[in-house]
Structures are given as C-alpha cells and as structure tokens.
Amino acid sequence: MNILIIGCGKAGSILTRTLCHEEHDVTVIDINSEVVTNIVDNFDVQALTGNGLIIKDLQEAGVDHADVVIAMTESDETNIMCCMMARKCGAKHSIARVRNPMFSEQIVFMREELDISMMINPEYQTANDIARMLRYPNALHVESFANGRMELAELRVTPNGIMDGLVLSALPSKMKLRLLVCAVMRGEECFIPDGNFILRGNDRIYITAAHSELSKFYKQVGDVKNRIKSVMIVGGGKISYYLIRQLLELGMQVKIIEQNRERCEQLSDWFSKASIICADGTDQDILLEEGITSADACIMLTGIDEENIILSLYAKKIGVNKIVTKINRTSLLPISDSVGLENIVSPKNTTVALILQYIRGKQNSEGSNINTLYRLADDKLEAIEFIVRGNAKYIGVSLKKLKISSGFLIAGIIRNNKRIIPTGDDCLKLNDSVIIVTTRQKVTSLDTIFQTQGVGK
C-alpha cells in the first residue's frame, strides 16, 4: 500500500520502521529537515521537508495516490486538518492521532462528519490497558477480544512451582481446567507449543480461558494476589485523566501525586473522589508519607522514562504487589525487563499496533476481517481477532480436519457471546470471532492459516 505519514517524531519513526518491515511504500513529510534526513538514512522511504497543511507539499508527496494518510504531528488540530485536506486531495483513507481529552467525547462526530477514517487516542488506549492489568492482578498483561468476552493473559511460570517441568498435554487432567497455553516466551525465543512442550521456570506463557477458569488456575499454581483496592499514581498527565475515571468506577481508592499545581487543581475539579497531592513524586519522603508501602498498586506515569523505571524499582524493593511502568523509548524496554519490571505500557507502541490493525484490515480478503490486533512478546508474537465472513472454505469443517500452517494456533472462538476454548471437534462458523496467535508477520487474512496446505478430507 502507498502510505503517507505526516509528522515523524518518536511514534512516527516506530511506525515508519514497522510499515517498511511490512513492505509498504512509505512517504514521510516533516517540517524538520534533520528529522527528514535521519528518516532517509535509516529507512527505505521517500521523505521531504514540508508541511502537511500546505497543498503543494501534499501533492509533492503524492497524496492523490495515497491509500492511507497518517497524521502524527504533536498538534491534534493539525492532525485533523491534515486528514481533511488529504481526503480532499484524493487520499483513500486517513488516520489522525488525537490526544486531547476535550476531543474525546466528540470523536465519533468528528470521524463521521470530517470524513476521517480512524482517530487514535494513545493515552486513552493506554489507560484501558492499565485498568485491565489492575482488574487481573495475577497477570503480567491481559489483552481483551470481542469487547471483553475473551482475554489473553500473560503469566510467568514460577521456578520449582507446579507448572515447572509440566508437559502441556497433561495440563487439563492435572488441573481439571478448560484453558489453552497459546504461546511460550523463553529467553529471546517465542514458541507456539504442541502437547509435547515442557514448561520451565521463568517461561512467560500466554493463556486463553474464561475469567472464572483463570481464577481457579491462579489458586492451583499458588500465585494468588488480592483484589486491588488502593492505587497510587505518580504523574497526573493525560493517561492519568482517563485512568482515574475508570479506577473510581471500579470502586478503587485513588491517590495521584503531581507536582504541577495548576494540573492538580484541574484534577481536583474533575475527580472529587480522588486524593490529589501536589508534590514531587520522585521524593522518597513524599512517597512514604503518602503511604506507598500500603498501596495495593503503584502506576508510574511521569513524562520521563528513567524516572518511571527508578520509581518502579523502588516500589518493587519495598514490596508493592502490582507495579505498572510507562516507557516510551523502545531502547529501554529490554532493560526494564532485565531488571524485573514486568508490567510495562507504551503509548507509542499502542498507537503503532492500532494503525497496523487498520492497515492490515484494508489489505485482507473478503473471507475475514481483522477486528483486533496485539503485538506481544517483544513483537515476536501477534494475537489477532478475525471475524469470519463470506463463503470461506474452512467454514463448518471441524478443526481436526483442517491442516493449519506452522506458526499458527487457534486460541479461541466467540459465537453468540459464548466463549469457546477450541478442541479438534469444534469448527468455525459465519460471523464467529476467531482469535489467532502466531509467530508469523504480515498476516492479513484468516485464509492465510489454511491456504498453504488446504482443508483436510
């Protein structure tokens, strides 16, 4: 596809790299000539110094041949205007990054009336991710499919625990639970396991199951954390705004430490039930005075990645059960994992995943379409939700008769609001939501899973 990116900061650079890897034809416009030079030196793209609000610059960048225009500047208003102008100039689709909370209640109106295909709010999506982590405190991460009807939970195998050394084929009979281990991350390697796979301590495993089954699973493996009732948030920015609202609705006690007085006053006006502390959240004495040792969870959301990492390490040292750390710089993600920080959120990576989901959806066949896409296990694994459409050859055929290509696993099916952990006797039906876990890249259609070998007879 021909893709035009307007604005290439940190998130734009990550997006450019990802789209180049997926073999799209990418053109970049940025007002900063140094940014443009850096992009050309590092990626196989066309780039020009220009302004996405200037028609001449858009035309020079080939906007009239663009399949998708993505506006990623620092200004919401500029992104909206760029998308509107790009569509008027002939672009087929447009995506705008819109982050200001004041726009959040009118995104549907703006998308429909301004003819913008997709509007992304990274901070809102990140807040949703954090809220799921707090609802499921035992899991490292929880990704949601089919509007929350099925979850994919990431867990770590406890060394010398009940699952260390367990053969996966023995898991159902040993635990008497209906769940499926979809993938295993061991060191730098990611596996789609079969029944003969043996789990080891410190493996990161990805499980699909009903919430009730996951709760029983936690109890059996002896890794049960109490329900989170009190949360301390350091940093009162946009993510905090969206997160506080959700946590209060869940009945949690919320305390926010923010050093900007004006921002504290805003948060106090918006959230009367939250406790707002105007102080430096990196001050150890302040943290102790405000009760960090008694908090069930701590969320580190300052604007500086290094501060978030140091604060998280301190919270871990003093025994906080659940710690979530915001990190934007991709170079710091492996470091954070190596020092034992497991619950990481990245608004920039969230943005890229949502855009990739949209673009993949525009590429695929009529037989299925992408509804949700998550990139997991350091981007070595993807979990994709497809909706079964059309008269695909695999509809109505039992899974044991389907020859599935290597690197794929059917992790779950949602049919008429019912969650199905699939066995060989299950089949796919029209309008099913199907969750696929794969180590492959560039998957755009459910047909890809079966097309190499076809359907068994």
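Small disclaimer: the values here were computed from a predicted structure and weren't measured.
With a 4.5 Å cut-off on side-chain heavy atoms, M252 and L134 count as touching. Looking at S312 and L341, their side chains come closer than 4.5 Å, going by heavy atoms from C-beta outward. In this structure, F408 and V437 have side chains that are not in contact, with every pair of non-hydrogen atoms separated by 4.5 Å or more. When side chains are defined from C-beta on, N328 does not count as touching K10, because their heavy atoms never get closer than 4.5 Å. Side-chain atoms of P422 and I413, non-hydrogen and from C-beta on, do get closer than 4.5 Å to each other. Side-chain atoms of E151 and R135, non-hydrogen and from C-beta on, never get closer than 4.5 Å to each other. Using a 4.5 Å cut-off on side-chain heavy atoms (C-beta onward), L15 and I70 make contact. In this structure, the side chains of I205 and M185 stay at 4.5 Å or more apart for every pair of heavy atoms.
Within a 6.0 Å radius of CD in E307, more than 12 heavy atoms belonging to other residues, nucleotides or ligands are found. By the neighbour-count criterion of 12 heavy atoms within 6.0 Å, atom NZ of K442 is densely surrounded, having more than that number from other residues, nucleotides or ligands. The local environment of CG in D44 is sparse, with at most 12 non-hydrogen atoms from other residues, nucleotides or ligands closer than 6.0 Å. Summarising the local packing, CG of N416 is surrounded by 12 or fewer heavy atoms from other residues, nucleotides or ligands at distances under 6.0 Å. Atom NZ of K92 sits in a sparse spot, with 12 or fewer heavy atoms from other residues, nucleotides or ligands closer than 6.0 Å. Heavy atoms of other residues, nucleotides or ligands lying less than 6.0 angstrom from CG of D41 number more than 12. No more than 12 heavy-atom neighbours from other residues, nucleotides or ligands sit within 6.0 angstrom of CD on Q46.
When atom types are taken as modelled, the side chain of N371 and the backbone of F386 share no donor-acceptor pair closer than 3.5 angstrom. Under a 3.5 Å cut-off, the side chain of S117 and the backbone N or O of S94 do form a donor-acceptor pair. Panel note: side chain R87, backbone A91; a donor-acceptor pair is recorded below 3.5 Å. With hydrogens and angles ignored, the 3.5 Å screen pairs a side-chain donor or acceptor of S169 with a backbone N or O of G195. Between the side chain of T325 and the main chain of I344, no donor-acceptor pair closer than 3.5 Å is present. Side-chain atoms of S398 do not come within 3.5 Å of backbone N or O of D425 as any donor-acceptor pair. With S346 contributing its side chain and I327 its backbone, the two residues share a donor-acceptor pair below 3.5 Å. The backbone N or O of V184 lies less than 3.5 Å from no partner atom in the side chain of D203, so there is not a single donor-acceptor pair. K322 places no side-chain N or O within donor-acceptor distance of the main-chain N or O of D296, the cut-off being under 3.5 Å.
The distance from atom CZ of R329 to atom NZ of K348, rounded to the nearest 0.5 Å, is 11.0 Å. Note that the CG atom of D432 and the CG atom of D426 stand 9.5 Å from one another [nearest 0.5 Å]. The CD atom of E290 sits 6.5 Å away from the CE atom of M232 when rounded to the nearest 0.5 Å. Atom CD1 of residue I370 and atom CG of residue L356 lie 7.5 Å apart, to the nearest 0.5 angstrom. Of the inter-residue distances, the one linking L152 atom CG with S144 atom OG reads 10.0 Å to the nearest 0.5 angstrom. Here I228 contributes atom CD1 and Y136 contributes atom OH; the two are 12.5 Å apart, rounded to the nearest 0.5 Å.
In terms of the salt bridge (charged side-chain N to carboxylate O under 4.0 Å, His left out) criterion, residue partners of R99 (sequence neighbours excluded) are, by chain and number, E74, E123.
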Residue pair M150, I435: steps toward the side chain to side chain contact (heavy atoms under 4.5 Å, CB included) verdict
CA-CA 9 Å; M150 181 170 285; I435 293 91; 3.9 Å; yes
Derivation and outcome, side chain to side chain contact (heavy atoms under 4.5 Å, CB included), residues D164 and L199
CA-CA 6 Å; D164 191 352; L199 297 176; over 6 Å; no
Decide salt bridge (charged side-chain N to carboxylate O under 4.0 Å, His left out) for R440 and E382; before the verdict, give the C-alpha distance in whole Å, the side-chain angles of both, and the deciding distance to 0.1 Å.
CA-CA 8 Å; R440 300 281 190 91; E382 290 186 349; over 6 Å; no
Evaluate the criterion side chain to side chain contact (heavy atoms under 4.5 Å, CB included) for residue pair V443 and I384; output intermediate values, then yes/no.
CA-CA 9 Å; V443 179; I384 310 172; 4.0 Å; yes
Could you walk me through whether I257 and L287 pass the side chain to side chain contact (heavy atoms under 4.5 Å, CB included) check?
CA-CA 9 Å; I257 302 177; L287 293 173; 4.0 Å; yes
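Salt-bridge check for R132 with E143: passed, with a basic side-chain N closer than 4.0 Å to an acidic carboxylate O. Comment: D67 does not engage K362 in a salt bridge, judged by the lack of any side-chain N to carboxylate O separation of less than 4.0 angstrom. Looking at R204 and E342, no side-chain N of the basic residue comes within less than 4.0 Å of a carboxylate O on the acidic one, giving no salt bridge. Taking a cutoff of 4.0 Å between a charged side-chain nitrogen and a carboxylate oxygen, R178 and E213 do not qualify as a salt bridge. Residues R186 and E189 are not paired through a salt bridge, judged by the lack of any N-O separation under 4.0 Å between the basic side chain and the carboxylate.
Side-chain atoms of T302 and N308 form a donor-acceptor pair, as typed in the model, at a separation below 3.5 Å. Q284 and Y314 share a donor-acceptor pair across their side chains, judged by distance under 3.5 Å alone. Neither side chain, R97 nor N121, offers a donor N or O lying under 3.5 Å from an acceptor on the other. Donor-acceptor pairing under 3.5 Å is recorded for the side chains of E385 and T372. Side-chain atoms of T126 and D129 include no donor-acceptor pair closer than 3.5 Å. Inspection of the N79 and T73 side chains reveals an N or O donor paired with an N or O acceptor under 3.5 Å.
Across all their heavy atoms, I244 and A274 have their closest contact at CG2-CB, 4.2 Å. Scanning all heavy atoms of the two residues, the minimum distance from A127 to I239 falls at CB-O, 3.9 Å. The two residues S240 and I233 come nearest to each other via the heavy atoms OG-CG2, 3.5 Å. Taking each heavy atom of S13 and F43 in turn, the nearest pair found is O-CZ, 4.0 Å. In terms of heavy atoms, A47 sits closest to V40 at CB-CG2, 3.6 Å. What you find for M300 and L311 is that their closest heavy atoms are CE-O, 3.6 Å.
Checked against a 6.0 Å centroid threshold, the rings of Y241 and Y124 do not count as neighbours.
Ring orientation note: the planes of Y358 and H93 are nearly perpendicular, at an angle over 60° on the 30°/60° scale.
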